[in-house]
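If you're wondering where the values come from, they're calculated on a predicted model, not measured in any experiment. By convention in this document, chain letters (A, B, ...) are assigned in the order of the sequence lines, proteins followed by strands, and residues within each chain are numbered from 1.
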Number of protein chains: 2
Amino acid sequence: MLTEKDKQAFQDYLTQEGLKFSEQRMQILEIVLQGVKHLTANEIYKNVQKRHPGIGYATIYRTLRLLCEAGLCVELKCEDGICRYEHAADDVHHDHLICTKCGRFVEVVDPQIEKLQDKLFKDNGFLPQRHRMELYGICRQCKK
Amino acid sequence: MLTEKDKQAFQDYLTQEGLKFSEQRMQILEIVLQGVKHLTANEIYKNVQKRHPGIGYATIYRTLRLLCEAGLCVELKCEDGICRYEHAADDVHHDHLICTKCGRFVEVVDPQIEKLQDKLFKDNGFLPQRHRMELYGICRQCKK
DNA sequence: TTGATGTTGAGAATCGTTATCAAAAGATAC
DNA sequence: GTATCTTTTGATAACGATTCTCAACATCAA
């Protein structure tokens with residue numbers, strides 16, 4: 001869901017960094033923050049093409065980086081080596097359940113696991129920064 | 001630690017698949033299964049070079065695939081996009097604590113987390129296959 | 001030793017992503 | 001609105017890890 005708040009946040013970020021606003025950046029913002037989640041750069045590229053033919057991959061990647069830096073989107077480095085991008089949920093960290101047959105992504109959170117992860121960091125003398133947890137399996141639909 | 005058992009297991013696997021034994025494969029087996037863990041293909045390449053100059057990357061990758069298929073080694077797809085290979089521990093799954101400063105890998109296991117992960121699979125109607133958990137932080141040495 | 005088959009190494013190809021750079025477009029001052 | 005200064009853009013080349021191709025070579029059974 002793309003909100004005015006997100007648009008404003010992006011504009012504010014650009015202004016703050018001395019960057020400029022452009023048609024292309026708005027198009028990419030709209031595609032990434034609305035609708036389907038976990039899009040690859042290629043999917044975003046194809047989507048933007050429809051409304052803005054001629055756009056290049058470089059612009060897609062550059063804008064995705066900006067969106068990440070602005071905290072509006074998160075890059076997921078997936079096992080297949082292709083990055084996917086999702087709308088940054090409001091401060092709520094989550095992990096992913098991924099169907100190995102259809103590629104479906106389900107977002108999950110488990111506060112207990114989060115606590116145990118923190119404990120692992122501490123027990124090993126690590127200063128926690130972030131973590132990544134992906135659960136691969138076969139979803140209900142694909143099991144049938 | 002490279003054991004005779006591992007060597008035998010690799011030979012058995014090759015025989016079973018109708019494949020042949022070679023000097024290069026033995027060299028790679030020794031490098032990967034002994035000593036330092038979590039080597040990249042490039043590190044393995046450089047190590048094998050010392051004892052067997054002229055070896056090519058193709059052979060490294062082909063042999064790594066064989067070792068994985070034989071269940072002797074595991075490929076880790078890391079966030080930096082470079083795969084690392086570790087000696088497959090005897091049936092014991094483990095996750096990783098990774099220092100973002102020095103790259104140190106620490107293997108960790110938490111049975112409670114494993115249970116909670118299984119619960120997440122079930123609660124979402126997924127048939128569990130495997131998972132990946134990486135905890136990124138700064139290790140004791142690098143904190144100083 | 002020979003023949004059939006699997007393996008090797010050099011180099012090309014792949015593919016997602018990033019860098020380069022001249023042309024185009026925003027922002028700002030006038 | 002126009003001039004001017006930046007920044008942005010898109011085409012294309014470059015990158016780096018990994019895989020493919022293929023002719024030369026090694027292995028093994030008979």
Decide yes or no, distance alone: a donor-acceptor N/O pair under 3.5 angstrom between the base of C:dG6 and the side-chain of B:K20. no

Once hydrogens and angles are ignored, does a donor-acceptor distance under 3.5 Å link the base of C:dG6 to the side chain of B:R62? no

Between A:Q129 and B:T100, is there a side-chain donor-acceptor contact under 3.5 Å, judged purely by atom types and distance? yes

Under a plain distance cut-off of 3.5 Å, with no hydrogens placed, do A:D12 and A:T15 share a side-chain donor-acceptor pair? no

Take the protein atom [atom1] of [X] and the nucleotide atom [atom2] of [N], then report the distance between them rounded to whole Å.
| X | N | atom1 | atom2 | answer |
| --- | --- | --- | --- | --- |
| A:E23 | D:dT7 | CD | C1' | 17 Å |
| A:I28 | D:dT8 | CD1 | P | 12 Å |
| B:Y45 | C:dT8 | OH | P | 14 Å |
| A:D80 | D:dA17 | CG | C1' | 15 Å |
| B:E43 | D:dA17 | CD | C1' | 14 Å |
| B:Q49 | C:dT8 | CD | C1' | 14 Å |
| B:L66 | C:dT8 | CG | C1' | 13 Å |
| B:Q11 | D:dC28 | CD | C1' | 14 Å |

From [options], nucleotide with atom closest to [X] side chain:
| X | options | value |
| --- | --- | --- |
| A:A58 | D:dT8, C:dT8, D:dA11 | D:dA11 |
| B:H52 | D:dT18, D:dT9, C:dG9 | C:dG9 |
| B:Y61 | D:dT18, D:dG10, D:dC28 | D:dT18 |
| B:I82 | D:dT9, C:dT8, D:dT18 | D:dT18 |

Look at [X] and [N] and indicate whether a side-chain polar atom (N or O) is within less than 4.0 Å of OP1 or OP2.
| X | N | value |
| --- | --- | --- |
| B:S22 | C:dT8 | yes |
| A:Q24 | D:dG10 | yes |
| B:R25 | C:dG6 | no |

On DNA chain C, compare the nucleotides closest to A:C83 and B:L14; which residue's is nearer the 5' end? B:L14

Earlier contact from the 5' end, DNA chain D, for B:F21 and B:Y85: B:Y85

Any ion pair linking B:R132 and B:E134 (charged N to carboxylate O, less than 4.0 Å)? yes

One thing to verify: whether A:K46 and A:E43 come together as a salt bridge, which I'm taking to mean a side-chain N less than 4.0 angstrom from a carboxylate O. no

Taking B:D80 for the side chain and B:I82 for the main chain, is one N or O donor matched with an acceptor at less than 3.5 Å? yes

